[in-house]
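Here is the structure we will look at, set down as structure tokens.
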Amino acid sequence: MGSKDAFFCTFCSLLLFCFSSKCLSSELDLPQTALVEVDASWEVSRKIPDTLFGLFFEEINHAGAGGIWAELVSNRGFESGGPHTPSNIDPWSIIGDESSIYITTDRSSCFSKNTVALRMEILCENCPAGGVGIYNPGFWGMNIEEGKTYNLVMYIRSLESVELTASLTCSDGMQNLASVSIQEIDPSNWTKIEMQLLAQGTCRTSRLELTRGCFVEGDWLRNAFRWRETIGPWEQRPGHFGDVWNYWTDDGLGYYEFLQLAEDLGAAPIWVFNVGISHHDEVDTIIIEPFVKDVLDSLEFARGSAESTWGSVRAAMGHPERFPLKYVAIGNEDCGKEFYRGNYLKFYDAIRKAYPDIQMISNCDGSSRPLDHPADLYDFHVYTSAANLFIMKNKFDRTSRIGPKVFVSEYAVNEQRDAGKGSLLASLAEAAFLTGFEKNSDVVQMASYAPLFVNDNDSTWNPDAIVFNSWQQYGTPSYWVQTYFRESSGSVIHPITISSRYSDSLAASAITWQDSEDIFLRVKVVPVESELPNAAEVMEAVLPPFSFTSFDLALDQYSKLVAEM
């Protein structure tokens, strides 16, 4: 065991639950066994890429606006609906009645990009004791917690002196959690007001109230994400309508903040940009150059020096250091579109010339046949049933090892019969699929489950990894599978064989990784049904409490072997 020629094997007799129709009779009463053999020698092992398992984020299910973005006010700049006035001010509502207050929107704000402002006229001479005004419930209620301080910024203009009160109240307006008043100022021009509200109580469904004021500012290419419109001061961002998922976002969580998020997580960012294509319209390749220039500017914003045109904008926002942006995806799910290949080559050539180290990702699937255009990686998406995804554990076994690598940027079991809002069956099939990534990690470089988040008030897409509302959150079974595979990135994969008459209903992998002291071997064996229509019911009846058969071993002897090598 101590020599360089030695190898380490683990033989395991594992309890196997069979889910084929034959096992549902007399065989179900008897446990089935499988012999699992792992060859842990270095000669036949292979390092898994550090980037194998990552995170997918999309503005869907209010994952950003109303989710991880800290902004509590929904439609904060009255920009929902764009520059047209009168505009949609939902979910803002009035405090009082139409005889005491009149509100409308116009295009008189102090910002060139977000020109919409709310005009509020007080009509009552003897207004109610609580005042009249407007309130905003945030994204299905603000989670205000006692002892925490909340920052409020607004711009106001009035023809006369203003007495304005900002309050955080519970949803019915009866419990006042925090208040601050603005008095004896003369904002004849637009004036920025900043204040802090210290909460004196807790309410999970709170709202922001502004009372006795006069003015408060606030599936087509035309609705595409425009990175330039999402940088700079938050209050000046016009926002945009996400016409795929049908809600407005103020773009407070913009291009700059996404880069910051990746930096904070210690993750490598991937910039997925529009190539002049939407679900319903396309830009001809002969006139795509302005789009190409726009993307080059976005890369300069991220990677340019603090003295460059767009790098200086980044530096002015507080980040003079360059962001390590090394991956871009040229479009998203656009391979079959008329102008995709022509547009793709325009972007590819321009980016390769300006930034030769950037890895470029094609939308076209190269797993079965070679691509007809250059790429460093290609994007592969799959949403399917549990049975299909389990079978796909071998998807990349025969993929060419020559040419672009694979980026599985979106995968999940999403057939409602199997997945619902998250299920054990779906997570088991996904786990089996992930063992295929480990086994084929010489060609599969990156992978991420999708979607990551869902606000349970806006379940546009199910299932998701993490479910949340304004004050609670939990991980679905699919989330816990992702955490279970977290040690795989950067670990070492070892050959594994299964000897069993039911081996087709099993997926397995073996990895080793090292912490500060020991080297660990992890063996994962995943049982999943790929035939039965009622597999979910069967699994509920016969599965043990844990979804995998697995174990970790701290290998002192193996550590010595590594040390000697």
Side-chain angles (χ1 to χ4, degrees), residues 10-39 382-399 408 411-420 422-441 444 447 449 463 477-478 480-482 484-485 488 493-511 522-551:
T10 301
F11 295 90
C12 318
S13 181
L14 300 176
L15 186 66
L16 169 65
F17 290 88
C18 176
F19 301 113
S20 68
S21 56
K22 295 179 181 178
C23 295
L24 294 181
S25 56
S26 59
E27 293 186 27
L28 187 61
D29 299 328
L30 298 174
Q32 306 300 316
T33 60
L35 185 65
V36 179
E37 180 180 348
V38 179
D39 185 343
V382 57
Y383 296 101
T384 186
S385 66
N388 285 341
L389 199 66
F390 180 79
I391 293 170
M392 289 180 69
K393 68 184 187 296
N394 301 318
K395 167 67 180 175
F396 300 104
D397 288 2
R398 297 179 182 84
T399 295
V408 186
Y411 72 88
V413 172
N414 76 330
E415 190 173 282
Q416 284 303 294
R417 182 188 64 175
D418 294 343
S423 73
L424 175 62
L425 176 62
S427 67
L428 286 173
E430 290 156 4
F433 192 45
L434 297 190
T435 65
F437 294 171
E438 293 177 321
K439 179 175 63 174
N440 292 292
S441 57
V444 180
Y449 176 93
S478 295
W480 292 107
V481 163
Q482 312 309 308
Y484 193 77
F485 279 79
S488 294
I493 184 77
H494 296 276
I496 186 169
T497 57
I498 304 174
S499 300
S500 169
R501 60 183 295 192
Y502 304 110
S503 57
D504 289 343
S505 294
L506 290 173
S509 70
I511 62 169
R522 170 171 291 175
V523 180
K524 298 186 283 286
V525 181
V526 186
V528 174
E529 168 55 44
S530 60
E531 300 174 3
L532 273 181
N534 297 319
E537 289 80 358
V538 176
M539 293 181 68
E540 183 178 356
V542 300
L543 263 181
F546 296 100
S547 56
F548 303 24
T549 302
S550 65
F551 55 87

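If you read the sequence from its start, that first residue is 1, and numbering goes on from there.
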> Minimum heavy-atom separation for A386 to L425, with atom names?
Replying inline: CB-CG, 3.8 Å

> Can you name the residues that form a side-chain hydrogen bond (donor to acceptor under 3.5 Å, both in side chains) with T384, not counting sequence neighbours?
Replying inline: N388

> Can you tell me how far CD of Q416 sits from OG of S423, rounded to the nearest 0.5 angstrom?
Replying inline: 9.5 Å

>> So, taking the atom named NZ in K439 and the one named OG in S509, what distance separates them when rounded to the nearest 0.5 Å?
In response: 10.0 Å

> Could you go step by step and tell me if D39 and H494 meet the side-chain contact (heavy atoms from CB on, under 4.5 Å) rule?
Replying inline: CA-CA 6 Å; D39 185 343; H494 296 276; 5.8 Å; no

>> With rounding to the nearest 0.5 angstrom, report the CG to OG distance, D418 to S427.
In response: 11.5 Å

> What is the minimum heavy-atom distance between Q482 and L434, and which atoms define it?
Replying inline: OE1-CD1, 4.2 Å

> For K393 and L506, which heavy atoms make the closest approach, and how far apart are they?
Replying inline: CE-O, 3.5 Å

>> Evaluate I496 against V36 for side-chain contact (heavy atoms from CB on, under 4.5 Å), listing each step before the verdict.
In response: CA-CA 7 Å; I496 186 169; V36 179; 3.4 Å; yes

>> As an exercise, state the distance from CG of L389 to CG of L428, rounded to the nearest 0.5 Å.
In response: 11.5 Å

> Where is the tightest heavy-atom contact between V413 and S385, given as atom of each residue plus distance?
Replying inline: CG1-C, 4.0 Å

>> So P463 and N414, do their side chains get closer than 4.5 Å, heavy atoms only?
In response: yes

> Does F437 have any ring pair (Phe, Tyr, Trp, His ring centres under 6.0 Å) partners at least two apart in sequence or in another chain, and if so, which?
Replying inline: Y411, F433

>> Going by the rule salt bridge (charged side-chain N to carboxylate O under 4.0 Å, His left out), which residues pair with E430 if we only count those two or more places apart in sequence or in a different chain?
In response: none

>> If you compare all heavy atoms of I511 against all heavy atoms of S488, which two are closest, and at what distance to 0.1 Å?
In response: CD1-OG, 3.8 Å

> If you look at every heavy atom in F485 and A431, which pair is closest and at what distance?
Replying inline: CZ-O, 3.6 Å

> For residues K395 and N440, is any side-chain donor paired with an opposing acceptor at under 3.5 Å?
Replying inline: no

